[in-house]
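Just follow the structure's listing: the first ligand is 1, and inside any ligand the first atom is 1.
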Amino acid sequence: MANVKLKHPYSVRFYLGNEIAPKGYAWIFPKTDDIAEVGIGVRGAVAKEYLDRFVKEHQDELGNAKVIDYRGAPVPIGGLISQAVQDNLILVGDAAGTVIPFTGAGIHSSLAAGLVAGEVAADSVNRGDQSASFLSAFYERYRNPWGERIAKSLKAMRLFERLSDDDLNSLAEALSANDVLDIANGLDVVKVAKKLMSHPRLALKVGMALLQISST
Ligand SMILES: Cc1cc2nc3c(=O)[nH]c(=O)nc-3n(C[C@H](O)[C@H](O)[C@H](O)COP(=O)(O)OP(=O)(O)OC[C@H]3O[C@@H](n4cnc5c(N)ncnc54)[C@H](O)[C@@H]3O)c2cc1C
């Protein structure tokens with residue numbers, strides 16, 4: 001959108017809540033002083049309806065803004081598919097589910113998958129073997145750290161998608177911005193779980209479950 005009047009023109013902002021974006025989030029990413037990407041990701045709901053409502057509710061910032069470009073697409077957030085490798089073929093990117101499920105961010109993790117796939121493909125040419133069995137080295141090389149991060153992020157997402165807005169508000173008070181990034185990206189889940197273990201309500205509901213995620 002162009003001609004935006006952002007209250008926070010130098011920070012990327014995310015908006016969470018079942019009323020705002022069911023099982024997802026809305027965002028405002030400033031690009032210049034008066035241009036920003038305004039978007040939304042939802043599940044089980046019509047994205048455009050929620051996006052229109054979001055824009056309406058941010059009249060003060062977006063009221064006089066104009067849409068200058070738009071796009072939308074499904075983002076696969078079910079984790080790495082089980083058959084990304086076949087004879088003569090390695091799938092990467094959205095086609096293979098190399099997306100961090102909780103955030104729906106697939107650029108970095110897909111570039112990393114492309115790099116690993118390229119290395120495995122080069123080895124396969126040198127060895128003259130393009131069988132699925134040889135190309136399966138992709139899974140081993142991609143697992144650490146990306147495959148593991150995707151798997152942990154998926155489990156954390158499944159846990160958090162069941163939380164009410166009240167729970168999310170309590171979490172926002174209990175956690176720091178870095179804690180949220182750690183959980184969403186499948187990084188230091190244990191640290192966050194330990195922090196929540198002292199919380200009267202979230203210890204049982206979230207802390208214990210996070211500890212289980214990190215131990216599997
Ligand atoms: C609205 C939205 C916002 C997003 N925001 C972020 C974000 O902020 N950060 C982040 O990390 N991820 C984000 N993502 C996810 C990210 O864009 C994808 O995970 C990532 O682009 C996947 O890369 P890819 O190469 O697999 O697929 P793509 O980037 O979709 O590339 C596939 C390419 O193949 C082309 N193509 C398709 N069919 C054919 C055909 N038959 N012949 C030739 N070419 C073809 C397409 O035109 C496209 O250029 C967002 C996704 C959406 C939809």
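Using cut-offs of 30° and 60° for the angle between ring planes, the H58 and F54 rings count as tilted. Note on ring orientation: taking the six-membered ring where Trp is involved, the planes of F160 and F102 are tilted (angle from 30° to 60°).
Cluster partners of L91, by chain and number: I81, L89. The rule joins Ile, Leu, Val, Met, Phe, Trp and Tyr whenever side-chain heavy atoms lie under 4.5 Å apart.
Protein residues having at least one heavy atom under 4.0 Å from any atom of ligand 1 are F29, A73, V75, G93, D94, V99, G104, A105, G106, I107, listed by chain and number.
Residues S164 and D166 have side chains that never bring a donor and an acceptor to within less than 3.5 angstrom of each other. Side-chain atoms of S109 and R149 form no donor-acceptor pair, as typed in the model, at a separation below 3.5 Å. A donor-acceptor pair shorter than 3.5 Å can be found between the side chains of K5 and N3.
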